[in-house]
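The structure appears below as structure tokens.
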Amino acid sequence: MSLNKDEKTFGKKQYHIQLQPGDIGKYILLPGDPARSDRVAKYLDDVQLVANNREHRTFTGYYKGVKVSVTSTGMGCPSAAIAAEELINIGAECLIRIGSSAALQKGINIGDLLISTASMKNEGTSKFYVPDCFPAVPDFDFTCMLIDTAKNMQNDISGKIHYGINASDDAFYGETEEWIEHLSKLGCLNVEMESSALYTVCHRRKVRGAMISAASGNLITGEVIYEAENHGLTKGWDEEIRVVLEAIYRFEQEQHI
């Protein structure tokens, strides 16, 4: 009889992320880069490094009394889907991707915050879960909270706040000029490499998924920084973390009303 991976892994120590029930909070921030887990940890109280395996680096702490974790996913939908599945196996209920994304519309500058309302599936991972025609969308309630919180914090944010449909691509260097123009003309706000698989896994597992990212550059205007430190993006990372943590706190308060 073939292996049932759900039965084998649910509620146990997880193979890739090396975490077990009790190690994490129900709210999880998901950066791609392991180093950004350390950046999130600086905003948490009583924080502990609970696991560091492969590309998955996890801290757990508290923000205003709410237990929050951060686990890096690595780059791309396959790795993000594995992290999401294993985190859900041990109790995650709301997974929020944070990190970087390239803008596809004029008027978006480096460091601006981008909140996703849906994702165009230009990747292969979600095909293992749902038909191509099935949409990839974040949780409505938490996404609304992200947008409202970002707007409320606008005076403390250096860049603008944008929200709309993004694209999730599989190949960073496979994005030709023609492809970039195509995505822009479709009205995609930005492009990254993980959210559509995250939304799909969260939908299938009946938990919440969302994304907020900072603009690393603009592929339409040509405003990109590849060979030097991107100070605007670094500031955007910190600002998106502050928005997400405050959104989590406010969302948790609403859930207890």
Side-chain angles (χ1 to χ4, degrees), residues 29-33 36 73-81 83-84 94-127 129-130 132-140 142-147 149-151 159-176 178-203 208-221 223-224 233 236-237 239-241 243-244 247:
L29 278 64
L30 300 175
D33 184 354
R36 261 175 258 152
T73 65
M75 291 184 286
C77 283
S79 181
C94 183
L95 295 87
I96 310 107
R97 167 162 155 65
I98 61 171
S100 310
S101 185
L104 293 169
Q105 302 296 327
K106 294 179 180 179
I108 303 176
N109 300 311
I110 291 175
D112 283 2
L113 300 189
L114 307 161
I115 299 174
S116 169
T117 59
S119 181
M120 180 182 178
K121 300 187 298 182
N122 303 321
E123 41 80 22
T125 304
S126 61
K127 294 178 176 63
Y129 293 92
V130 296
D132 280 349
C133 61
F134 197 89
V137 293
D139 179 74
F140 180 81
F142 192 82
T143 299
C144 286
M145 180 61 76
L146 269 180
I147 293 171
T149 302
K151 287 181 176 180
K160 297 178 181 178
I161 299 161
H162 312 265
Y163 51 92
I165 297 172
N166 66 274
S168 288
D169 284 0
D170 258 350
F172 183 89
Y173 288 106
E175 294 168 343
T176 63
E178 292 79 13
W179 179 248
I180 291 168
E181 289 285 349
H182 173 65
L183 294 180
S184 180
K185 289 177 181 178
L186 287 175
C188 290
L189 194 69
N190 54 295
V191 58
E192 46 78 63
M193 297 183 67
E194 292 84 21
S195 65
S196 57
L198 174 65
Y199 299 160
T200 301
V201 169
C202 287
H203 173 78
R208 303 181 190 274
M211 181 179 74
I212 180 172
S213 56
S216 58
N218 192 311
L219 301 182
I220 295 300
T221 64
E223 183 190 17
V224 296
L233 175 60
W237 287 338
E239 291 175 344
E240 72 185 13
I241 291 167
V243 169
V244 171

Q: Provide the full list of salt bridge (charged side-chain N to carboxylate O under 4.0 Å, His left out) pairs with a residue in residues 159-169, sequence neighbours left out, each pair given once.
A: none
Q) Out of Ile161, Ile115, Ile212, Val243, which one pairs with Ile147 under the side chain to side chain contact (heavy atoms under 4.5 Å, CB included) rule? A) Ile115
Q) Can you tell which of Asn166, Leu186, Leu183, Asn218 makes a side chain to side chain contact (heavy atoms under 4.5 Å, CB included) with Leu104? A) Leu183
Where is the tightest heavy-atom contact between [X] and [Y], given as atom of each residue plus distance?
{"X": "Leu114", "Y": "Ala214", "result": "CD1-C, 4.5 Å"}
{"X": "Ala118", "Y": "Val137", "result": "CB-CG1, 4.0 Å"}
{"X": "Ala247", "Y": "Leu146", "result": "CB-CD2, 3.9 Å"}
{"X": "Phe142", "Y": "Ala210", "result": "CD2-CB, 3.8 Å"}
{"X": "Gly32", "Y": "Arg97", "result": "N-NH1, 4.3 Å"}
{"X": "Thr117", "Y": "Pro138", "result": "O-CD, 3.3 Å"}

Q) Does CD1 in Ile220 sit with more than 12 non-hydrogen atoms of other residues, nucleotides or ligands closer than 6.0 Å? A) yes
Between atom [atom1] of [X] and atom [atom2] of [Y], what is the distance when rounded to the nearest 0.5 Å?
{"X": "Ser195", "Y": "Ile96", "atom1": "OG", "atom2": "CD1", "value": "13.5 Å"}
{"X": "Ile98", "Y": "Glu194", "atom1": "CD1", "atom2": "CD", "value": "11.5 Å"}
{"X": "Cys94", "Y": "Leu29", "atom1": "SG", "atom2": "CG", "value": "9.0 Å"}
{"X": "Ser100", "Y": "Ile110", "atom1": "OG", "atom2": "CD1", "value": "10.5 Å"}
{"X": "Lys106", "Y": "Ser184", "atom1": "NZ", "atom2": "OG", "value": "8.5 Å"}

Test ring pair (Phe, Tyr, Trp, His ring centres under 6.0 Å) applied to [X] - qualifying residues, sequence neighbours left out:
{"X": "Tyr163", "answer": "none"}
{"X": "His162", "answer": "none"}
{"X": "Phe172", "answer": "none"}

Do side-chain atoms of [X] reach the backbone of [Y] as a donor and acceptor pair under 3.5 angstrom?
{"X": "Thr143", "Y": "Asp139", "value": "yes"}
{"X": "Lys121", "Y": "Lys127", "value": "no"}
{"X": "Ser126", "Y": "Ala197", "value": "no"}
{"X": "Thr149", "Y": "Met145", "value": "yes"}
{"X": "Gln105", "Y": "Ile108", "value": "no"}

Q) Knowing that exactly one of Ser168, Ser101, Ser116 qualifies, which makes a side chain to side chain donor-acceptor pair (under 3.5 Å) with Glu192? A)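 Exactly one candidate clears the test, Ser168.
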Q.
Tell me every residue that passes salt bridge (Lys or Arg N to Asp or Glu O under 4.0 Å) with Glu240, counting only those two or more places apart in sequence or in another chain.
A. none
Q) In chain order, what residues pass the salt bridge (Lys or Arg N to Asp or Glu O under 4.0 Å) check against Arg36, with sequence neighbours excluded? A) none
Q.
A side-chain contact here means heavy atoms from C-beta on lying under 4.5 Å apart; do Asp170 and Asn122 qualify?
A.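 No, their side chains stay 4.5 Å or more apart.
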Q: Evaluate the side-chain proximity of Tyr199 to Pro135: yes if any heavy-atom separation is below 4.5 Å, no if none is.
A: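 In short, these two side chains do not touch, never coming nearer than 4.5 Å.
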